[in-house]
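The structure displayed is predicted, hence computed values, not measured ones.
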There are 2 protein chains.
Amino acid sequence: MTACSEEHEELAYNVFAKACPSRGTLEHVTGRWGALTLGALHEGSLRFNELRRRVDGVSEKMLSQTLHALERDGLVHREAQPTNPPRVDYELTPLGREIAGRLLALIESVEGSMDEVLAARGRYDEARGAR
Amino acid sequence: MTACSEEHEELAYNVFAKACPSRGTLEHVTGRWGALTLGALHEGSLRFNELRRRVDGVSEKMLSQTLHALERDGLVHREAQPTNPPRVDYELTPLGREIAGRLLALIESVEGSMDEVLAARGRYDEARGAR
DNA sequence: CAGCATCCATTACGATACTG
DNA sequence: CAGTATCGTAATGGATGCTG
């Protein structure tokens, strides 16, 4: 089996354990491009190049790779129409929506705290930079 | 100024924009070691080597680097006692607690979905691997 | 104990070119 | 349009040795 918690813990999967597969999934979700991709898809389904424009700075290669990982983990569904030119839509699965929701809450919390973060950085740098 | 949203949006900071400083902070928070460090500290203050043991697999260098970044962003407070041997405690700031809370919700959501994720992987791999 | 400095291997990433 | 393949570089991260 793939669970990985200590004896009597209540959770079967524990990201704090090095070998737990949940750590890998967490990295797909929170990784630089994974987080932004899930965030973008939370507003609705998007095509490949729409996603590329939405997630500013992502390369074709990384977006493709990210989408594969998220699809494999069952967070994103890929809907391909066999037309010409091809049209492929990506959307969140129910599981993906749940996780993207939590992620969005985190992202918004970070965005909403940036003034405070930047102020803290200023203080930190002044205390160190002056050395 | 450091804001970076489009004209009439309501948020001043937007992670989807390449140059926005919020993207950097999000990466500190969600990075491989940042996420686990904040998660560990959410339960209470810890010393350097306690953290190292808690966050299974982190190296001294990465933990040190991670703590600096989080301290600089104002999410973690470093409390050093000038004793011998030295004792240093790390704990979350109020801002850090807010963000770590959201992060923990995400982590628990991922951990709780692992059975589903693993099942999805099985299906995906079978459909592809059989090629 | 709590770290910093250095070196080195691995990996991630981006640019480019090409395919169906 | 929606990707895959290849390549060179930049960043990451681990191991080791040293300091206060």
Side-chain angles (χ1 to χ4, degrees), chain A residues 15-16 18-19 23-37 40-41 45-72 76-91 124 127-129 131, chain B residues 15 17-19 23-37 40-41 45-72 76-91 124 127-129 131:
Chain A
V15 286
F16 292 102
K18 185 161 54 173
R23 192 181 276 193
T25 297
L26 183 66
E27 279 169 30
H28 296 158
V29 170
T30 61
R32 171 153 27 165
W33 304 122
L36 297 177
T37 301
L41 287 174
S45 102
L46 290 170
R47 302 174 60 175
F48 189 85
N49 281 318
E50 287 174 336
L51 263 172
R52 251 198 100 179
R53 280 186 293 273
R54 194 81 221 300
V55 180
D56 191 18
V58 70
S59 69
E60 217 169 70
K61 177 184 169 184
M62 291 319 299
L63 180 57
S64 171
Q65 205 171 101
T66 300
L67 285 168
H68 280 311
L70 295 176
E71 188 193 353
R72 187 166 105 99
V76 163
H77 174 70
R78 181 177 183 278
E79 184 81 30
Q81 262 116 8
T83 59
N84 193 310
R87 179 193 175 97
V88 180
D89 290 271
Y90 290 93
E91 64 183 336
Y124 184 96
R128 308 259 151 164
R131 184 176 41 94
Chain B
V15 286
K18 186 160 55 174
R23 192 181 276 195
T25 297
L26 183 66
E27 280 170 28
H28 295 158
V29 170
T30 62
R32 170 149 36 165
W33 304 122
L36 298 176
T37 300
L41 287 175
S45 103
L46 289 170
R47 301 174 61 176
F48 190 83
N49 281 320
E50 287 174 334
L51 263 173
R52 252 197 99 180
R53 281 185 293 273
R54 192 82 221 300
V55 180
D56 190 19
V58 70
S59 70
E60 209 173 74
K61 178 185 170 183
M62 284 302 106
L63 180 57
S64 172
Q65 207 170 98
T66 299
L67 285 168
H68 278 311
L70 294 176
E71 188 193 353
R72 187 167 104 99
V76 163
H77 174 69
R78 181 176 183 277
E79 185 81 32
Q81 262 116 9
T83 58
N84 193 308
R87 178 193 175 98
V88 181
D89 289 272
Y90 291 92
E91 63 182 337
Y124 184 96
R128 307 260 153 165
R131 185 174 40 95

**Separation of D/dC1 P from A/L51 CG (nearest whole Å)** = 14 Å
**Prompt:** Sequence neighbours excluded, which residues qualify as salt bridge (charged side-chain N to carboxylate O under 4.0 Å, His left out) partners of B/E60?
**Reply:** B/R52
**Asked** Angle, rounded to 10°, between the helical axes spanning five pairs at each terminus of the helix from C/dC1-D/dG20 to C/dG20-D/dC1?
**Response** 50°
**Asked** At their closest point, which heavy atom of A/H28 faces which heavy atom of A/L70, and how far apart are they?
**Response** O-CD2, 4.0 Å
**Message:** Taking side chain to side chain donor-acceptor pair (under 3.5 Å) as the definition, give me every residue that meets it alongside A/D89, ordered by chain and number, with sequence neighbours left out.
**Reply:** A/R87
**Asked** In chain order, what residues pass the side chain to side chain donor-acceptor pair (under 3.5 Å) check against A/R32, with sequence neighbours excluded?
**Response** none
Show the distances under 3.5 angstrom between N or O atoms of the protein and N or O atoms of nucleotides 11-15 of chain C.
| unit_1 | atom_1 | unit_2 | atom_2 | d |
| --- | --- | --- | --- | --- |
| C/dC13 | N4 | A/K61 | NZ | 3.2 |
| C/dG14 | O6 | A/K61 | NZ | 2.4 |

**Prompt:** Is the backbone of B/M62 close enough, under 3.5 Å, to the side chain of B/Q65 for a donor and an acceptor to pair up by distance?
**Reply:** no
**Request:** Give a yes/no answer on whether the side chain of A/R78 brings an N or O atom under 4.0 Å of OP1 or OP2 in D/dG3.
**Result:** yes
**Asked** Under 4.0 angstrom, heavy atoms only, what part of the nucleic acid is B/R52 near: base, sugar-phosphate, or nothing?
**Response** nothing
**Rounded distance (Å) that lies between atom C1' of C/dG3 and atom CZ of B/R87** = 16 Å
**Message:** Rounded to whole Å, how long is the line connecting atom CZ of A/F48 with atom C1' of C/dG20?
**Reply:** 15 Å
**Item:** Under-4.0 Å side-chain N/O to phosphate OP1/OP2 contact, A/H68 with D/dG3
**Value:** no
**Item:** Heavy-atom pair of closest approach, residues A/A40 and A/L51
**Value:** CB-CD2, 3.9 Å
**Item:** Between C/dC1 (C1') and B/L67 (CG): distance, integer Å
**Value:** 15 Å
**Item:** For atom CG of B/L46 and atom C1' of C/dC1, their distance in whole Å
**Value:** 15 Å
**Request:** State which residues pass side chain to side chain donor-acceptor pair (under 3.5 Å) with A/R54; sequence neighbours excluded, sorted by chain then number.
**Result:** none
**Request:** Could you tell me how the ring of B/H68 sits relative to the ring of A/Y124: parallel (under 30°), tilted (30 to 60°) or perpendicular (over 60°)?
**Result:** perpendicular
**Fill in**
Closest of D/dC1, C/dC1, D/dT4 to the B/R47 side chain is C/dC1
**Asked** Within the structure, does a side-chain N or O atom of B/Y90 lie under 4.0 Å from either OP1 or OP2 of C/dG3?
**Response** yes
**Sub-4.5 Å side-chain heavy-atom contact between B/L46 and B/E91** = no
**Request:** Round to a whole Å and report the spacing from CD of B/E50 to P of C/dC1.
**Result:** 10 Å
**Item:** Listed nucleotide nearest any side-chain atom of B/E60, set D/dG3, C/dG3, D/dT4
**Value:** C/dG3
**Message:** Taking the side chain as everything from C-beta on, heavy atoms only, tell me whether B/L67 gets closer than 4.5 Å to B/R78.
**Reply:** no
**Message:** If I take atom CD in residue A/E71 and atom C1' in nucleotide D/dG3, what distance separates them, rounded to the nearest angstrom?
**Reply:** 13 Å
**Asked** Would you say D/dA2 has OP1 or OP2 under 4.0 Å from some side-chain N or O of A/S64?
**Response** no
**Item:** Atom-to-atom span, CG of A/N49 to P of D/dT4 - whole angstrom
**Value:** 13 Å
